[in-house]
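Data first, discussion second: the structure below is written as structure tokens.
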Amino acid sequence: MPELAEVAYACRQWRDGIGHKVKEVTAHPTSRVYRDLDRSQLQKKITGLTLSASDTHGKQMLFSFSNNNWLGIHLGMTGNLFSEPPHYKAQKHDALLVRQTNRTLAFRDPRQFGRIRLGEGNDPPHWWSDLPISMLREEFNSDILSGALKRHSRRPLKALLLDQRYFPGMGNWMADEVLWRSKIHPAQLGSQISKIKQVTLFEQIIFVVKGAMNSVGQHGGDPPEDWLFHSRWKNGQICPQTKSLLIREQIGGRTTCWCPALQKKS
DNA sequence: ATACCTGTTTCCCG
DNA sequence: CCGGGAAACAGGTA
């Protein structure tokens, strides 16, 4: 599920809980999402407080509570948020249940690659405030891209795009989408990208990020019909643009899908 | 049964 | 010290 737009949608699932008090907190006894945290401390801190706001930044989520308390959630590979009925019974992979009078806010994560963090203080904790500039902001400019290309001149573009220090929220399918639209081979090295291609690449990052937020981020469904997204998940699919056979291979340690007719190495 | 997977961290190498 | 890559984490699904 979770790349930036899916995270934004997940965050909205807890929106109805804002302005309401926490009656009880249930933490899964063994889930790895608590690897930074003491479960009883989480319960002690959050119980009785009021959820006051929520926000996302890339793949990170921040929930604000009364009394200067903060809860961070990262969905990992298989995490998701749900709003369930007040007396909902915990399922096997429910890592966290936050009970309120009219609903139960649930964080479910079968593979447990997600992560829960806590913070206390007037200002948001450092794990939130230290995040790199959001790709949705005006301050996210092409200098960030050119700086990353320069510093990592021997990295395949696919691997670079997944680097959260530069492109917070970029995930596997979004990176494939960006490279496909930019007509860049995913294994192309940072140093091999012309100035012209850099401009295209930057524009397509913005296009895909905004396009994903306006579709997936709003309704939780799929991105627009003509996106590579719909053809990238299994072998033997056809490029929506060129109608030639798409390739799927590991690049930068991740399954990568691209169109050999469109995305040539140079 | 076996391989695969929307993410990140840690370890190892040059 | 830095950059790059592989392995590890864990369980569901095809």
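Reminder, nothing fancy here: chain letters follow the sequence lines and each chain counts from 1. FYI, side chains are in, hydrogens and waters are out, and symmetry mates aren't considered; it's all heavy atoms of this structure.
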Could you label the plane-to-plane angle of the A:His152 and A:Tyr166 rings as parallel, tilted or perpendicular, counting under 30° as parallel and over 60° as perpendicular? perpendicular

What are the two closest heavy atoms between A:Gly119 and A:Trp127, and how far apart are they? N-CZ2, 4.3 Å

For A:Ile251 and C:dA6, give me the distance from atom CD1 to atom P, rounded to whole Å. 12 Å

Quick check, does A:Trp173 stack with B:dT6? I mean ring centres under 5.5 Å and planes off by under 30°. no

So what does A:Gly253 touch, heavy atoms closer than 4.0 Å: a base, only the sugar-phosphate, or nothing? nothing

Without decimals, in angstroms, what is the distance between A:Ile116 CD1 and B:dG7 P? 19 Å

If one requires at least 3 consecutive Watson-Crick or G-U pairs with distances under 3.5 Å, the stems of DNA chain C turn out to be B:2-5 with C:11-14, B:7-14 with C:2-9

Nearest whole Å is fine: how far is C:dC9 C1' from A:Gln112 CD? 9 Å

Report the relative orientation of the aromatic rings in A:Trp227 and A:Phe207; use parallel for angles under 30°, tilted for 30 to 60°, perpendicular for over 60°. tilted

Distance check needed: C:dC2 P versus A:Arg151 CZ, whole Å only. 8 Å

Return the value, rounded to whole Å, for the distance between atom NZ of A:Lys92 and atom C1' of C:dT13. 13 Å

Could you check how far CD of A:Glu3 sits from P of B:dC5, rounded to whole Å? 14 Å

Think A:Arg254 has a side-chain N or O under 4.0 angstrom from the OP1 or OP2 of B:dG7? yes

Between B:dT8 and A:His74, is there an OP1 or OP2 to side-chain N/O distance shorter than 4.0 Å? yes

Check every atom of C:dG11, B:dT6, C:dG4 against the side chain of A:His93 and return the nucleotide holding the closest atom. C:dG11

Applying the side chain to side chain contact (heavy atoms under 4.5 Å, CB included) criterion to A:Phe202, which one of A:Leu145, A:Val178, A:Asp143, A:Ile144 satisfies it? A:Leu145

For A:Asn69, enumerate each residue passing the side chain to side chain donor-acceptor pair (under 3.5 Å) test, keeping only those at least two apart in sequence or located in another chain. none

Report the distance from atom NE2 of A:His74 to atom CZ of A:Phe113, rounding to the nearest 0.5 Å. 12.0 Å

Please tell me if the side chains of A:Trp180 and A:Gln241 come closer than 4.5 Å, counting only heavy atoms from C-beta onward. yes

Using atom P of each nucleotide, how far apart are B:dA3 and C:dA7 to the nearest Å? 15 Å

Can you tell me if the side-chain N/O atoms of A:Arg115 get under 4.0 Å from OP1 or OP2 in B:dT8? no

Closest of C:dG12, B:dT6, B:dT9 to the A:Arg117 side chain is B:dT9

Write down the atom of A:Pro168, the atom of A:Ile133, and the distance for their closest heavy-atom approach. CG-O, 3.4 Å

In this structure, how many angstroms lie between the P atom of B:dC5 and the CD atom of A:Glu249, rounded? 12 Å

Using a cut-off of strictly less than 4.0 Å, decide whether A:Lys234 has a side-chain nitrogen or oxygen near OP1 or OP2 of C:dA14. no

Would you measure the distance from the P atom in B:dC4 across to the matching atom in C:dA6 and give it in whole Å? 15 Å

Kindly say if A:Gln164 contacts the phosphate of B:dT8, meaning a side-chain N or O under 4.0 Å from OP1 or OP2. yes

Rounded to the nearest angstrom, tell me the gap between atom CZ in A:Arg32 and atom P in B:dT8. 13 Å

Taking only side-chain nitrogens and oxygens of A:Lys59, does any of them come within less than 4.0 Å of OP1 or OP2 of B:dT8? yes

Any side-chain N or O of A:Arg248 less than 4.0 Å from the OP1 or OP2 oxygen of B:dC5? yes

